[in-house]
Student: 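Sharing a structure, written as structure tokens. Questions coming.
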Amino acid sequence: MPQNRTPFEQTVLLLQGGGALGSYQAGVYQALAEADLHPDWVAGISIGAINSAIIAGNPPDQRVARLRDFWETVSASPLGIPYFKSIELKDEANHQFVNQMRAVNILFFGAPNFFVPRMPPPVFWPASSPNKASYYDNSPLKATLERLVDFDRINSGKMRFSVGAVDICTGNFTYFDSTDHQIRAEHIIASGSLPPGFAATEIDGQYYWDGGLISNTPLQWVLDARPRRDTLAFQVDLWNARGELPKDLIEVEVRQKEIVYSSRNRAATDQYRKMQKLRIAAANLISKLPPELRDSDDAKLLEDETDDKVCNIVHLIYRTMAYEGIAKDFEFSRRTMEEHWKSGYHNARHTLENPEVLELPDRLEGVRTFDLGEDEP
């Protein structure tokens, strides 16, 4: 059903993987909810799968509160150290030092109700099964998901829901979709089982790793879906494909992560725009053919691939702060969580100020993309 707020046939929310950066997505969703833009379909990878499950598994008036519950739970200090909101870290060097110390804290003690270190460590006690071959045990996440997510609601069809994972034995990418799967907590956990930090997740006798190993963004899954519809897609990315030339080894590792996990979204978007223009052109050409040619097998084959559907793809990309460094995707502290959330909320509000975001593109144009980040040319 089309949203009352827009002329599009469906609104889709696409959430990339990125660990601790995922609270940025929660901030984006808060801004969308306040603007009465509730998705008909939510798709995610890794931490994006968790946020997606919380959104799809709750009624609209409870989603932001449930997201807040999750992020405050996992960002609490495992040592019980309180968070002093009134203390500001304005100096970049001090901010970087504090972030690194918090990241070390996570490495040694894990994130509450999310994951904990395996004891004894696997380097001293080799794993005897695939679901224990990892540095951390993420089984606490199952109880957290079952507390915050109504899986009956996800499986009711009120909102389409998709999460991606990798079949370890075949190497194939798999989407668990509510249209043809009975979604459970295991499907969400599988999408975020990034080795060697987390072990493989078993689902119906098969083992899966994090979908980000192949594609960290569910964009292609949505764009390839049938039947095609006029779509307003909010693509919330935690890794920026664009960046500066690294000058030291830390910057090299950070940039490597950004390139790998950004999943070349702009290239995929450009390809989709080109293909949609070809579909529109083919539809126009077929409509002008004489009946004897229009009824031919070749024309019918082409006609099956044509449509005049349009799409707005709205990119909301987290821009990394210089002080975050290599640990930005596993630094689950409360202060950093709040910073990411605030950034997502601000960027989404800024983007929605452009009225064209919610307007249908011209049928001959097919696809429009928006990236209103403040550092873009």
Student: Examine the side chains of Ser77 and Arg334 and answer whether a donor and an acceptor come within less than 3.5 Å of each other.
Tutor: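 Arg334 and Ser77 do not have a side-chain donor-acceptor pair below 3.5 Å.
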
Student: Specify the closest pair of heavy atoms between Gly366 and Pro361, including all atoms of both residues, with the distance to one decimal.
Tutor: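 Minimum heavy-atom contact is O-CG, 3.8 Å.
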
Student: Less than 4.0 angstrom from a charged side-chain N to a carboxylate O is my criterion; do Lys342 and Glu339 meet it?
Tutor: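 No, Lys342 and Glu339 are not salt-bridged.
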
Student: What's the shortest heavy-atom distance between Ala299 and Leu289, and which atoms?
Tutor: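 Heavy atoms only, the tightest pair is CB-CD1, 4.4 Å.
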
Student: Is there a donor-acceptor contact under 3.5 Å linking the side chains of Ser193 and Asp210?
Tutor: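 Looking only at side-chain atoms, Asp210 and Ser193 do not form any donor-acceptor pair under 3.5 Å.
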
Student: Of all the heavy-atom pairs spanning Glu331 and Ala20, show the shortest one and how long it is.
Tutor: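 Smallest interatomic distance, heavy atoms only, reads O-CB, 3.4 Å.
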
Student: Please determine whether a side-chain nitrogen of the Lys or Arg among Glu244 and Arg255 lies less than 4.0 Å from a carboxylate oxygen of the Asp or Glu.
Tutor: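 A salt bridge is absent here (no side-chain N lies under 4.0 Å from a carboxylate O).
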
Student: Testing the 3.5 Å rule here: is there a donor-acceptor pair between the side chains of Trp71 and Glu338?
Tutor: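 Side-chain D/A pair, Trp71 to Glu338: absent.
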
Student: Under a plain distance cut-off of 3.5 Å, with no hydrogens placed, do Asp167 and Gln206 share a side-chain donor-acceptor pair?
Tutor: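 Yes, because at least one side-chain N or O of Gln206 sits under 3.5 Å from a partner of the opposite role on Asp167.
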
Student: Between the side chains of Thr201 and Glu186, is a donor N or O closer than 3.5 angstrom to an acceptor N or O?
Tutor: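 On atom types as modelled, these side chains do not qualify, holding no pair under 3.5 Å.
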
Student: Between Arg147 and Asp69, is there a salt bridge with N-O shorter than 4.0 Å?
Tutor: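 Counted as a salt bridge, because a side-chain N and a carboxylate O are separated by less than 4.0 Å.
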
Student: Taking only Lys NZ, Arg NE, NH1 and NH2, and the carboxylate oxygens of Asp or Glu, determine whether Lys158 and Asp40 approach each other closer than 4.0 Å.
Tutor: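 No.
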
Student: Has Arg229 got its NZ or CZ under 6.0 Å from the middle of the six-membered ring of Trp41, at an angle within 45 degrees of the ring axis?
Tutor: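 No, Arg229 and Trp41 do not form such a contact.
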
Student: Measure across Asn216 and Gly212 and return the closest heavy-atom pair with its distance rounded to 0.1 Å.
Tutor: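 The answer is OD1-CA, 3.7 Å.
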
Student: Looking only at non-hydrogen atoms, find the nearest pair between Ala199 and Pro130 and report the distance.
Tutor: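 Taking Ala199 first and Pro130 second, the nearest heavy atoms are CB-O, 3.6 Å.
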
Student: Report the distance from atom CD1 of Ile214 to atom CG of Asn172, rounding to the nearest 0.5 Å.
Tutor: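 It is 7.0 Å, given to the nearest 0.5 Å.
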
Student: Do NZ/NE/NH1/NH2 and the carboxylate oxygens of Asp307 and Lys277 come within less than 4.0 Å?
Tutor: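 Salt bridge absent between Asp307 and Lys277.
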
Student: Below 4.0 angstrom, N of the basic side chain to O of the carboxylate: do Lys142 and Glu146 qualify?
Tutor: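 Here Lys142 pairs with Glu146 in a salt bridge, since their nearest N and O are under 4.0 Å apart.
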
Student: Nearest 0.5 Å, what's the CG-CG distance between Leu15 and Asn51?
Tutor: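 CG of Asn51 is found 6.0 Å from CG of Leu15.
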
Student: Run the salt-bridge test on Arg184 and Asp204 with the 4.0 Å N-O cut-off and return the result as yes or no.
Tutor: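 Between Asp204 and Arg184 there is a salt bridge, with a charged N closer than 4.0 Å to a carboxylate O.
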
Student: Judged by modelled atom types alone, do Tyr29 and Arg63 share a side-chain donor-acceptor pair under 3.5 Å?
Tutor: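 The answer is yes; a qualifying pair exists.
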
Student: Does the side chain of Thr351 pick up a donor-acceptor pair with the side chain of Asn347 at under 3.5 Å?
Tutor: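 Their side chains do not contain a donor-acceptor pair, so the 3.5 Å distance test is not met.
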
Student: Is it true that Glu258 and Lys328 have a side-chain N and a carboxylate O under 4.0 angstrom from each other?
Tutor: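 The answer is yes: the pair qualifies as a salt bridge.
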
Student: Is there a donor in the side chain of Arg279 and an acceptor in the side chain of Gln276, or the other way round, less than 3.5 Å apart?
Tutor: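 Side-chain D/A pair, Arg279 to Gln276: present.
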
Student: What's the shortest heavy-atom distance between Phe8 and Val357, and which atoms?
Tutor: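 Here Phe8 and Val357 meet closest at CE1-O, 4.3 Å.
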
